Amino acid sequence: MYPISYVRESADTLRAGLVARGRDPSAVDRILSLDRERRAAGDEANRLRAERNRATERLAEAAKSSTPPDDADRARLGELRDRIRELESTGSALDGEIRERLLLLPQTPHSSVPHGTGAADNIEVARFEAKRPAPNAPRPHFEVGHELNLLDEERGAKVAGEGFFVLWGDLARLEHALIRFMRELHRSRGYVEVSPPILVNSESMVGTGQLPKFADDSYQVSPDGLWLVPTAEVPVTNLFRDEVLLADDLPLRLVAYTPCFRREAGSHGVETRGIARVHQFDKVELVQFTTPESSYDALEELRTEAEEVLRRLDLPFRTMDLCTGDLGEKAAKCYDLELWAPGSQRWLEVSSVSNFEAYQAVRANIRWRRHQSAKPGPLHTLNASGVALPRLVIAILENYQTADGRVEVPPAVRDEMGGQKFLEPNPFVGEKELGRGRHSRRSSRTPGPATEKP
RNA sequence: GCUGAGGUAGCCUAGCCCGGGAAGGCGCCAGCCUUGAAAGCUGGUGGCGGUUCCGCCACGGGAGUUCAAAUCUCCCCCUCAGCGCCA
């Protein structure tokens, strides 16, 4: 979000940013014209209030000295009150509409962002090949998961609904081991751990940009109207809403593990198999608060930090520099980290590394000051997944398969798994095998949409 | 959830009963003094708009009464204490 003063001063920059994103630049002009209306109403109200205050002073003076009040003043004041109320109510209606429109203006892309219209124009800026040999004829994660009775979408659907899943036995253990591994990694590299609320109020959702535009993407809980967080970014960034940080506090590096909840409205029917797109998942998230001049250094640091997770797990991945047409609403620049899933023959986005510049700081009123007597101004916020779990689990199930149908535990988390080298099958299955209901009649070898190999 | 007390500038506090220009202290900034610093003294120190100066807004948020609201009325939020409930 941009302050109205910035829109007045830098309308051309904003229009250019909208055009680069393939959006209509006239949104800026609509705001400017509402702003002119608003200021005209404000100026008139201001003049009338000045007149009112002077008449009121005369009446107050008369009351004090017990001289008779001027009836003309009283009559005029009645008129003024009505006219001022009128102007104030049109003024605040205009304020509301202006704010609404400001909240919907996307962040201007940074000058280094490649121009383009969609995902095809994103630029690969890094690629990592695993040191261990690629598996021979790998199968998709859900097949392996079902075979070992470790992955159970059927009971997830029964308990909660389509798009929910259950991990059993060693796969649940693996997930927790990965969470602990990532938290410890980031903590040891200077990130302070924080365990935030995962229900948040609407102000927080506006603060980080989920509202008002993306209300349909999140779950709202009745009867209190709180929201289940779609990412830890929301509660963690909002920790400092309406606060002023000192330069000495910056950069502030935070790491948080939370569940995340996404309605994925509009994506029904896609990716029904497996756990690449689900309504509830776990994620380790990194958040940074920085000074405006250092946020692009912080962006590279966060990218390195997220990539380090994948390197240590020895998983093949590539890093994409998102183009103007694919860049999220909030971000001035964004890298996506994509893991290669050889069983499904596709790239899986496991991390978005974004610099929001002042987009969130203005919405959430998070400020900093250079020294104690300096005027506070908006700081810059950034975040990176470090990383999202279901897709990481997918990549492990597909990259760590062995020829005899087992799945190896990545060496980096073996200690967290009591030194265990392979995932053991889950022996308890009830009357039927886990996860075999809906999909059991399908072919046992159905790779997803193929893309290029790493 | 109930009862009570509260919310005033970065922080602390007066004003509220009984309506009429938001006072004071701390902190911070500048100046004076000083070799330097402290102390002391003087001034400044919320936001917006036009800019020597002035105007408007601002007392948790909103609505109302009134010529006029920090002050009276109503609704909501938050903090603290006691009680209740509770993993």
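First the proteins, then the strands, lettered A, B, ... as listed; each starts at 1. The shown structure was predicted, so the numbers you read here are calculated from the model rather than taken from an experiment. What you see below is based on every heavy atom in this structure, not just the backbone, and it leaves out hydrogens, waters and symmetry mates.
A parallel orientation is assigned to the rings of A/Y2 and A/Y6, their planes being inclined by less than 30° (bins at 30° and 60°).
Going from atom CG of A/L48 over to atom P of B/C57 covers 11 Å, rounded to whole Å. Put simply, CG on A/D82 is 9 Å from P on B/A68, counting in whole angstrom units. Between the CZ atom of A/R241 and the P atom of B/C78 there is a distance of 12 Å, rounded to whole Å. Between the CG atom of A/L87 and the C1' atom of B/C57 there is a distance of 15 Å, rounded to whole Å. One can place CD of A/E88 at 10 Å from P of B/G64, the figure rounded to the nearest angstrom. Computed from coordinates, the A/E79 CD to B/A68 C1' distance equals 17 Å when rounded to whole Å. Atom CG in A/L226 sits roughly 12 Å away from atom P in B/C77 (whole-Å rounding). The nearest whole Å value for the distance from the CG atom in A/N365 to the C1' atom in B/G47 is 12 Å.
Taking atom C1' in both B/A9 and B/U45, one finds a spacing of 10 Å when rounded to whole Å. To the nearest whole angstrom, the two P atoms, one in B/A22 and one in B/C16, are 15 Å apart. Using P as the reference atom, B/A58 and B/G21 are 14 Å apart when rounded to the nearest Å.
Just one residue in the list A/E285, A/E193, A/E301 forms a salt bridge (Lys or Arg N to Asp or Glu O under 4.0 Å) with A/R253, and that residue is A/E301.
In this structure, B/G46 and B/C57 make a Watson-Crick or G-U wobble pair, each of the two defining distances being under 3.5 angstrom. B/A81 and B/U3 make up a base pair, with Watson-Crick or G-U wobble contacts both under 3.5 Å. B/C33: no Watson-Crick or G-U partner with both key distances under 3.5 Å is found in any strand.
Proximity note for A/T56 (side chain, C-beta onward) versus B/G55, B/C57, B/A68: the nearest is B/A68.
Each of A/R8 and A/R54 has a nearest nucleotide on RNA chain B; the 5'-most of these lies closest to A/R8. A residue-by-residue look at A/E57 and A/R49 shows that A/E57 has its nearest nucleotide of RNA chain B further toward the 5' end.
Contact annotation for A/N53: backbone-only contact, meaning every heavy-atom pair under 4.0 Å involves sugar-phosphate atoms and none involves a base. Residue contacts shown for A/R47 are absent, as no nucleic acid heavy atom lies under 4.0 Å away.
One can find a donor-acceptor pair under 3.5 Å joining the base of B/U66 and the side-chain atoms of A/R85.
Side-chain contact check for A/H186 and A/E308: no donor-acceptor pair (N or O, by modelled atom type) lies under 3.5 Å.
A heavy atom closer than 4.0 Å to some atom of RNA chain B occurs in no member of residues 195-207 of chain A.
Phosphate contact (OP1/OP2 of B/A68, side-chain N/O of A/R81, threshold under 4.0 Å): present.
Other residues, nucleotides and ligands contribute only 12 or fewer heavy atoms inside 6.0 Å of the CZ atom of A/R180. Other residues, nucleotides and ligands contribute only 12 or fewer heavy atoms inside 6.0 Å of the CZ atom of A/R99.
Between the A/R21 side chain and the A/G328 main chain, a donor and an acceptor come within less than 3.5 Å of each other. Checked by atom type and distance alone, the side chain of A/R52 never pairs as donor or acceptor with a backbone atom of A/R81 at under 3.5 Å.
For A/F261, there are no ring-ring contact (aromatic ring centres under 6.0 Å, His included) partners two or more places apart in sequence or in a different chain.
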